[in-house]
Amino acid sequence: MVDELDSYIHSLIQVEKDKRAAEIHTLQMQINPHYIYNTLASIKWLIWQGDTQKTTGVIDAFIALLRNTISNTDEFVTVEQEIQNLKNYVLINQARYGDSVSAEFYVTPQCSSYRVPKLILQPFVENAFFHGFADGRRGKIQVFVKEEGDCLRFEIRDDGIGIKTERLMELKNGNASKTEHFTGIGVGNVDQRIKLIYGEDYGIHISSEEGKGTTVTLTLKKRYRKGAVNSPFKTVYIQISALWTGWRESDTSTVS
């Protein structure tokens, strides 16, 4: 009985690992080919203009972004890596659409080494670029990262046109158009991932006012090291382990 339970627990652990690996593979496969094509076309235009320095910067940013999203198979990255991915994404977008939209990053130093799910911030910065500043509107996107007790809190603020109620529902349901977007990852997907990993007490909140801008808040549980696991699965594992220990002790008492 004990051996069977031991085997069952290890099977559950392997299933969870396989599930995580499949999720990362899915994220990597969601890189939008249209985004790649159009970015390469923008780089070609920069070369034609003879702007060597800007061309080199965009190529470097594009390579780093693809390397960190496609080649890196880890489910989690450090906050520092996630922010660097955002900076590269912003640089590429500015090369494609102009620098009418600026981005600022404010990260509390002690937060840089915490680990977060990969590509968890990029969809919101992307949404601000595409929908917060339509028709060449100038503006600013600000990203804040700070600690609050046992939580890690992210805020993405923009001073764009805001989001209508109908549009907000589309974002949450993943029904928005993604033709020009970097990935197919939607707002609803991010919220589901957070809740799957950290539990129902964590997730995203969006507040928006038309004509004034939007603020997206993500709340995660702190994750200190690569091997740490904070998910509903961990609770199940602990419960089964406790049951296993109880059965083992009972089995030992019976034998003696």
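Every heavy atom of this structure was used, including side-chain atoms; hydrogens, water molecules and symmetry mates were not.
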**Student:** Look only at the side chain of Asp159 and the backbone of Gly213, and say whether a donor-acceptor pair between them is shorter than 3.5 Å.
**Tutor:**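 Between the backbone of Gly213 and the side chain of Asp159 there is no qualifying donor-acceptor contact (under 3.5 Å).
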
**Student:** Counting C-beta onward and ignoring hydrogens, is there a side-chain heavy-atom pair between Val77 and Asn68 closer than 4.5 Å?
**Tutor:**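 Of all side-chain heavy-atom pairs linking Asn68 with Val77, none is under 4.5 Å.
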
**Student:** Would a 4.5 Å heavy-atom cut-off, applied to side chains only, mark Leu152 and Cys111 as touching?
**Tutor:**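 Yes, their side chains come closer than 4.5 Å.
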
**Student:** Establish whether Ile120 and Phe154 are linked, either directly or via other cluster members, by ILVMFWY side-chain heavy-atom contacts under 4.5 Å.
**Tutor:**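 Yes, same cluster.
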
**Student:** Got a donor-acceptor contact below 3.5 angstrom from the Glu155 side chain to the Leu218 backbone?
**Tutor:**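 No.
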
**Student:** Would Val145 and Ile194 show up in the same hydrophobic cluster when neighbours are defined by side-chain heavy atoms closer than 4.5 Å?
**Tutor:**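 In one cluster: yes.
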
**Student:** Phe76 ring centre to Lys118 NZ or CZ under 6.0 Å, with the angle to the axis within 45°?
**Tutor:**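 Relative to the ring axis of Phe76, which defines the angle, Lys118 lies outside at least one limit.
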
**Student:** Is there a path of hydrophobic side-chain contacts, each under 4.5 Å between heavy atoms of I/L/V/M/F/W/Y residues, joining Ile161 to Tyr97?
**Tutor:**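 Shared cluster, no.
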
**Student:** Report the distance from atom OG1 of Thr214 to atom CG of Asp158, rounding to the nearest 0.5 Å.
**Tutor:**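 One finds 4.5 Å between OG1 of Thr214 and CG of Asp158.
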
**Student:** Restricting to non-hydrogen atoms, name the atom on Leu46 and the atom on Ala95 that form the minimum distance, rounded to 0.1 Å.
**Tutor:**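 Scanning both residues, the minimum pair turns out to be CD1-CB, 4.3 Å.
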
**Student:** Could you see if Leu86 belongs to whatever hydrophobic cluster contains Ile36? Use Ile, Leu, Val, Met, Phe, Trp, Tyr and a side-chain cutoff under 4.5 Å.
**Tutor:**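 Yes; tracing contacts between hydrophobic side chains, which count when under 4.5 Å, links both residues.
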
**Student:** Looking only at non-hydrogen atoms, find the nearest pair between Tyr198 and Pro117 and report the distance.
**Tutor:**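 Reported closest heavy-atom pair: OH-CD, 3.3 Å.
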
**Student:** Is Lys222 paired with Glu147 through a side-chain N to carboxylate O contact shorter than 4.0 Å?
**Tutor:**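 Salt bridge: yes.
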
**Student:** Any heavy-atom pair between the side chains of Lys221 and Asp150 that's under 4.5 Å?
**Tutor:**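 The answer is yes; the side chains approach within 4.5 Å.
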
**Student:** Students often mix this up, so state it plainly: with edges at 30° and 60°, are the rings of Tyr106 and Phe144 parallel, tilted or perpendicular?
**Tutor:**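 Because their plane-to-plane angle is under 30°, the rings of Tyr106 and Phe144 count as parallel.
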
**Student:** Would you check if Thr215 and Ser208 make a side-chain contact, meaning some heavy-atom pair closer than 4.5 Å?
**Tutor:**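 Side chain of Thr215 against side chain of Ser208, heavy atoms only: no contact under 4.5 Å found.
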
**Student:** Check Arg153 against Thr217 and note the closest heavy-atom contact, atom names and distance.
**Tutor:**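 So the two residues come closest at NH1-CG2, 3.5 Å.
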
**Student:** At their closest point, which heavy atom of Val116 faces which heavy atom of Glu82, and how far apart are they?
**Tutor:**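 Result for this residue pair: CG2-CB, 4.2 Å.
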
**Student:** Name each donor-acceptor pair under 3.5 Å that joins a side chain in residues 51-66 to protein atoms two or more places apart or in another chain, with its distance.
**Tutor:**
unit_1: Asp51; atom_1: OD1; unit_2: Lys54; atom_2: N; d: 3.2
unit_1: Thr55; atom_1: OG1; unit_2: Asp51; atom_2: O; d: 2.6
unit_1: Thr56; atom_1: OG1; unit_2: Thr52; atom_2: O; d: 2.9

**Student:** Are Phe105 and Phe133 connected into the same hydrophobic cluster when the rule is that any two of I, L, V, M, F, W, Y join if their side-chain heavy atoms are below 4.5 Å apart?
**Tutor:**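 As far as the 4.5 Å side-chain criterion goes, Phe105 and Phe133 are connected within one cluster.
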
**Student:** Any chance you could measure Ser100, atom OG, to Lys140, atom NZ, to the nearest 0.5 Å?
**Tutor:**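 So the gap between those two atoms works out to 14.0 Å.
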
**Student:** What distance do Ile206 atom CD1 and Asp191 atom CG have between them, rounded to the nearest 0.5 Å?
**Tutor:**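 Output value for this atom pair is 8.5 Å.
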
**Student:** Would you say the side-chain atoms of Thr78 pair up with the backbone N or O of Gln81, donor to acceptor, closer than 3.5 Å?
**Tutor:**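 Confirmed, Thr78 side chain pairs with Gln81 backbone.
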
**Student:** With no hydrogens and no angle check, just 3.5 Å: does a side-chain donor-acceptor pair link Tyr89 and Asn85?
**Tutor:**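 Asn85 and Tyr89 do not have a side-chain donor-acceptor pair below 3.5 Å.
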
**Student:** Less than 4.0 angstrom from a charged side-chain N to a carboxylate O is my criterion; do Glu148 and Lys146 meet it?
**Tutor:**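 Yes, this pair counts.
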
**Student:** I need the Glu104 CD to Gln142 CD distance, nearest 0.5 Å.
**Tutor:**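 Here the interatomic distance stands at 5.0 Å.
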
**Student:** Run the side chain to side chain contact (heavy atoms under 4.5 Å, CB included) check on Val101 and Arg138 step by step: do they pass?
**Tutor:** CA-CA 6 Å; Val101 179; Arg138 301 189 68 86; over 6 Å; no

**Student:** Is it the case that more than 12 heavy atoms not belonging to Glu80 sit under 6.0 Å from its CD atom?
**Tutor:**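 Counting neighbours around CD of Glu80, 12 or fewer heavy atoms of other residues, nucleotides or ligands fall under 6.0 Å, so no.
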
**Student:** CZ/Arg193 to CG/Leu220 distance, rounded to the nearest 0.5 angstrom?
**Tutor:**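 The CZ atom of Arg193 sits 9.5 Å away from the CG atom of Leu220.
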
**Student:** Cationic tip of Arg223 within the cone over Tyr114's six-membered ring, i.e. under 6.0 Å and within 45° of the normal?
**Tutor:**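 No, cation not above the ring by the 6.0 Å, 45° rule.
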
**Student:** Which atom pair, heavy atoms only, marks the closest approach of Tyr202 to Cys151?
**Tutor:**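 Where Tyr202 meets Cys151 most closely, the heavy atoms are CE2-SG, 3.8 Å.
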
**Student:** Less than 4.5 Å apart, any side-chain heavy atom of Val190 and any of Phe124?
**Tutor:**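 A side-chain contact under 4.5 Å exists here.
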
**Student:** Could you go through Asn127 and Ile163, starting from their C-alpha distance and side-chain angles, then the distance that decides it, and tell me whether this counts as side chain to side chain contact (heavy atoms under 4.5 Å, CB included)?
**Tutor:** CA-CA 10 Å; Asn127 185 70; Ile163 305 175; 4.1 Å; yes

**Student:** Applying side chain to side chain contact (heavy atoms under 4.5 Å, CB included), name anything that partners Ser42, two or more places apart in sequence or on another chain.
**Tutor:**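 Result, side chain to side chain contact (heavy atoms under 4.5 Å, CB included) vs Ser42: Arg96.
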
